Amino acid sequence: MKSEPDEVSIDDLAAAPQRAFPWTGVRNYQARNFMRDAMQPGDLAFFYHSGCKEPGIAGICEICSDSYPDPTQFSATDKYHDPKSTPEQPRWWLRDVRFVSRSRLLGLGELRRHPELAGMRVLARGNRLSITPVTAAEWQFITGQLLAPSN
DNA sequence: GCCAACGTTGGC
DNA sequence: GCCAACGTTGGC
């Protein structure tokens, strides 16, 4: 799950009440579908910092709610307002995420260096999805790398 | 249903 | 700040 740390970082999640908040602002259908349909409470996700000086995995969070309509879509003053959404027919759904841990910054360049991660969705050429699936093998490999010294 | 124009993402 | 890549919009 990608977020720009200037907006919302892993530190913000750690500092939030209950160490959790709703993952607002996803406005891409594919990313929405992954969050709404493919996730379930208890799933873990990498918290990825994008659009910043050092993009990469910065920590781990846990999905901690069922999906429900993103409230920001209904708020005319919100930057994520969607005039085509109504409470009767919401377009955008989200889940709450809870802080699990920070990690060392596992940078994009480092991720790309590992052949084990060559097929990782988030690394695919031209990928712009802010939420992408991680395979079990990718998850295990990366968590192993997070335990290893930086290189 | 096609496709050009436009806006956004996100690494560099 | 640049720009490649991609999704969305809207005219036809």
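Keep in mind that the numbers below use all heavy atoms, side chains included, and drop hydrogens, waters and symmetry copies. Letters A, B, ... are given to chains in the order of the sequence lines, protein chains preceding strands, and every chain is numbered from 1. This is a predicted model, so every value here is computed, not measured.
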Practice problem: Identify which one of A/M35, A/K2, A/R32 satisfies the side chain to side chain contact (heavy atoms under 4.5 Å, CB included) criterion when paired with A/I131. | Solution: A/M35

Quiz item: Do the side chains of A/P71 and A/L94 get nearer than 4.5 Å, heavy atoms only?
Solution: yes

Practice problem: Would you indicate whether A/E54, at its atom CD, is surrounded by more than 12 heavy atoms from other residues, nucleotides or ligands within a distance under 6.0 Å? | Solution: no

Quiz prompt | A/Q73 (side chain) donor-acceptor with A/P90 (main chain) under 3.5 angstrom | solution = no

Quiz item: What are the 5'-most and 3'-most nucleotides of DNA chain B lying under 4.0 Å from any heavy atom of chain A?
Solution: B/dG7 to B/dC12

Exercise. Side-chain contact test, heavy atoms from C-beta onward, threshold under 4.5 Å: evaluate it for A/S50 versus A/E4 and give yes or no.
Key: yes

